Novice: 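One structure coming up, written as structure tokens, with questions to follow.
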2 protein chains.
Amino acid sequence: MPVMTGQGPLYVQVREMVVQRIISGAWQPGDLLPSEFDLAAEFGVSQGTVRKALDTLAADNLIIRHQGRGTFVTTHTPQRELFHFFHLEGQKGEKQMPATSRLTGVTNRRASRIETDRLHLPANTHVFVINRIRNLGGRPTIAERIILPARMFPELGQLAELPNELYQIYEEFFGVTIHRAVEELRAVSAERDEARALGVATGAPLLEIDRLAETVDGTPVEWRLSRCDTHAHHYLSEIV
Amino acid sequence: MPVMTGQGPLYVQVREMVVQRIISGAWQPGDLLPSEFDLAAEFGVSQGTVRKALDTLAADNLIIRHQGRGTFVTTHTPQRELFHFFHLEGQKGEKQMPATSRLTGVTNRRASRIETDRLHLPANTHVFVINRIRNLGGRPTIAERIILPARMFPELGQLAELPNELYQIYEEFFGVTIHRAVEELRAVSAERDEARALGVATGAPLLEIDRLAETVDGTPVEWRLSRCDTHAHHYLSEIV
DNA sequence: TATCAAAATACATATATAAGAGTTATAAGA
DNA sequence: TCTTATAACTCTTATATATGTATTTTGATA
């Protein structure tokens, strides 16, 4: 019988117990959770209370529930990353898988001051820096720099291939699951190198997306700076 | 006894009945709905079923529920518009009420082709066009054009003052409640007039926010094009 | 001003039925 | 006899009802 926290409504306590098991790795991405009735017995609450807890976890995308099959810890697929974490689409609303990426560099170096700030790293920490150009609709559209704490991504530089969608790789190879991201968008002027790489004029307007991605426990694990040509694409945001 | 649609789960039917009453104006923004028990009696379902329906409506911001007080149709306040529908914030995350706006024009004219397209208007329809410059942190930051169907906003041009936050005005004076908005973001170059108004160089990069705002029944009622200086501000987007 | 009652949502439990998915058993065909 | 198709069964989530308790808000009264 696991010990309930004793704080707040029962369904919130159940929720927190489940989150803890996900964070601790007891339940891995893709794992099947026990049934509602089994969890109710284990936690000493009613099935309805477990249901309410699981409903909130599903609403927050920590689990996914399938009638007749069960309840699973959310896991990354390339499709999920594209539809959930990628907001660029074509002018007619087409959201296509970026077909190709040109990797322009993967390096391991000491983190800069701003990198340690952004990723909450101790001083003198190493990071991996991934630079690449992503194509949309056949044209170079995004110049991207990704900063990852080296200690969480050991041997990243030795992977033979890095696909366009990285989040499944983070999860499978390094046990790092991205749960949430905050993006700040600005309009900036293209600098010479990226202008050349994207096929636009130096000084042309680019949409800069400054993303910090976190795991379930709130640890920032990826800083991604994308500079996007928005001639044929736009960033979509829906407010309800 | 209202007639249930007969399609799908009961709680979905209850939800649709409630939405219909909001759309039809039987329940106005700010109105207090009958209690769960009363609605259950009226619709001939259990209180738990009404609760489930109301929970989904609350999750979609159509109603707001207060323990001990009751359930209310969501209504606009300037604060809600700012926190919910306005995504520009300062570099440190400050989200302040734009203190001033300079109205540069309100005109009533025939809608252009693209305006009829965007707002689903018949040909030869009139629109109100509002142009203004909005200040953030004391500086002109947003050049904005708002297109509204004239027939839904009669006598808009005769209002003595237009505040920064318009959605409460739409609701109070014209019975038009904004429920949802879709925004497309691009990086563009500042044209001469707006550059001068915003105090930036002609050709400087601006963040263009192209917003279409809809009512509960999906009718597009506002097309808003904002061109923003992102030197001191950024657009925030959260992905969970 | 403090207290109490009424009203309403919020939480919790218990139980039953419906719907969907997967597995196993049985029947039919080659 | 082996393989394939179908039916039955089991498990699980999804829906629905009923009931009780807890918490919050508001208004009335002393």
Side-chain angles (χ1 to χ4, degrees), chain A residues 1-19 21-22 27 30-75 77, chain B residues 1-19 21-22 27-75 77:
Chain A
M1 169 77 82
V3 184
M4 302 277 273
T5 62
Q7 302 259 25
L10 286 186
Y11 79 96
V12 173
Q13 297 178 41
V14 169
R15 176 196 163 94
E16 284 163 359
M17 299 287 294
V18 173
V19 171
R21 290 192 183 179
I22 293 173
W27 287 330
D31 276 4
L32 172 67
L33 269 60
S35 73
E36 296 177 350
F37 278 104
D38 289 346
L39 287 174
E42 185 178 344
F43 292 132
V45 297
S46 77
Q47 177 237 347
T49 301
V50 168
R51 154 154 300 224
K52 184 152 188 172
L54 296 187
D55 280 347
T56 70
L57 289 165
D60 291 343
N61 289 309
L62 284 157
I63 60 173
I64 184 165
R65 323 191 72 195
H66 295 290
Q67 179 171 354
R69 286 167 59 200
T71 299
F72 301 83
V73 181
T74 301
T75 185
T77 61
Chain B
M1 169 76 83
V3 186
M4 301 278 273
T5 62
Q7 302 258 26
L10 287 184
Y11 80 96
V12 172
Q13 297 179 39
V14 169
R15 175 196 162 96
E16 285 165 359
M17 298 287 294
V18 173
V19 170
R21 289 192 184 178
I22 293 173
W27 286 332
Q28 296 277 335
D31 276 5
L32 172 67
L33 268 62
S35 73
E36 295 176 352
F37 279 104
D38 289 346
L39 286 174
E42 184 178 345
F43 292 131
V45 297
S46 78
Q47 177 238 348
T49 301
V50 168
R51 153 155 299 213
K52 184 152 187 170
L54 296 186
D55 280 347
T56 70
L57 289 165
D60 290 344
N61 289 308
L62 285 159
I63 60 173
I64 183 165
R65 321 190 75 194
H66 295 290
Q67 179 171 355
R69 287 168 58 201
T71 298
F72 300 84
V73 181
T74 301
T75 185
T77 61

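All of these numbers come straight from a predicted model, not from anything done at the bench.
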Novice: Taking for each residue the nucleotide of DNA chain C bearing the nearest heavy atom, is the 5' side occupied by L32(B) or by Q13(A)?
Specialist: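 Residue closer to the 5' terminus by nearest nucleotide: L32(B).
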
Novice: According to a strict under-4.0 Å criterion, is R69(B) in side-chain N/O contact with OP1 or OP2 of dT26(D)?
Specialist: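 For R69(B), the contact criterion (side-chain N or O under 4.0 Å from OP1 or OP2 of dT26(D)) is met.
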
Novice: Using whole Å, what does the distance between atom P of nucleotide dT12(D) and atom CG of L39(A) come to?
Specialist: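 Computing the L39(A):CG to dT12(D):P distance gives 11 Å.
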
Novice: What does dA28(C) pair with, Watson-Crick or G-U, if both distances are under 3.5 Å?
Specialist: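 The base-pairing partner of dA28(C), which may sit in any strand shown, is dT3(D).
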
Novice: How close or far is atom P of dT23(D) from atom CD of Q67(B), stated in whole angstroms?
Specialist: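 About 9 Å, once rounded to whole Å.
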
Novice: Taking 4.0 angstrom as the limit, do R21(B) and D31(B) come out as a salt bridge?
Specialist: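 Salt bridge between R21(B) and D31(B), a charged N being under 4.0 Å from a carboxylate O: no.
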
Novice: Rounded to whole angstrom units, what separation is found between the CG atom of D38(A) and the C1' atom of dT10(D)?
Specialist: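 Result: 14 Å.
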
Novice: Go through the N and O atoms of the side chain of E36(B) and the base of dT9(C), and report whether any donor-acceptor pair is under 3.5 Å.
Specialist: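 Flag unset: no donor-acceptor pair detected.
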
Novice: Tell me: CD1 of I63(B) to C1' of dA10(C), nearest whole Å?
Specialist: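 Computing the I63(B):CD1 to dA10(C):C1' distance gives 14 Å.
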
Novice: Below 4.5 Å, heavy atoms only, C-beta onward: do W27(B) and V18(B) meet side chain to side chain?
Specialist: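 The answer is yes, as the side chains (C-beta and beyond) meet within the 4.5 Å cut-off.
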
Novice: Compare side-chain N and O positions of T49(A) against OP1 and OP2 of dT13(C) and report whether any pair is under 4.0 Å apart.
Specialist: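 It does, given that an N or O in the side chain of T49(A) lies less than 4.0 Å from OP1 or OP2 of dT13(C).
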
Novice: Which nucleotide in the list dT17(D), dC11(C), dT15(D) gets nearest to the side chain of R51(A)?
Specialist: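 In terms of side-chain proximity for R51(A), the closest of dT17(D), dC11(C), dT15(D) is dT15(D).
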
Novice: Does K52(A) put a side-chain nitrogen or oxygen below 4.0 Å from OP1 or OP2 of dA12(C)?
Specialist: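 Answer is no, no contact under 4.0 Å.
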
Novice: I want to check something: taking the side chain as every heavy atom from C-beta on, are R15(B) and L57(B) in contact at a cut-off of under 4.5 Å?
Specialist: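 Contact flag for R15(B)/L57(B) side chains = yes.
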
Novice: Return the value, rounded to whole Å, for the distance between atom CZ of F43(B) and atom P of dT17(D).
Specialist: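 It is 13 Å, rounded to the nearest whole Å.
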
Novice: Atom CG of D31(A) and atom C1' of dT12(D): how far apart are they, to the nearest Å?
Specialist: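 It is 17 Å, rounded to the nearest whole Å.
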
Novice: Are any of the side-chain heavy atoms of E42(B) and V50(B) separated by less than 4.5 Å?
Specialist: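 E42(B) does not reach V50(B) side chain to side chain.
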
Novice: Grab the CD-P distance between Q47(B) and dT13(C) for me, whole Å please.
Specialist: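 Checked: the CD to P distance equals 16 Å.
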
Novice: For R65(A) and dG20(C), what is the distance between atoms CZ and C1' respectively, to the nearest whole Å?
Specialist: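 Spelled out: CZ on R65(A) to C1' on dG20(C) is 14 Å.
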
Novice: In plain terms, say whether K52(A) and D55(B) are close enough for a salt bridge, that is, a side-chain N and a carboxylate O under 4.0 Å apart.
Specialist: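 Salt bridge flag = no for D55(B) with K52(A).
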
Novice: Taking for each residue the nucleotide of DNA chain C with the nearest heavy atom, is it G70(B) or H66(A) whose nucleotide lies nearer the 5' end?
Specialist: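 Its nucleotide being nearer the 5' end, the pick is G70(B).
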
Novice: Nearest to the side chain of S35(B) - dA12(C), dT13(D), dA8(C)?
Specialist: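 When the side chain of S35(B) is considered, dA8(C) is the closest of dA12(C), dT13(D), dA8(C).
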
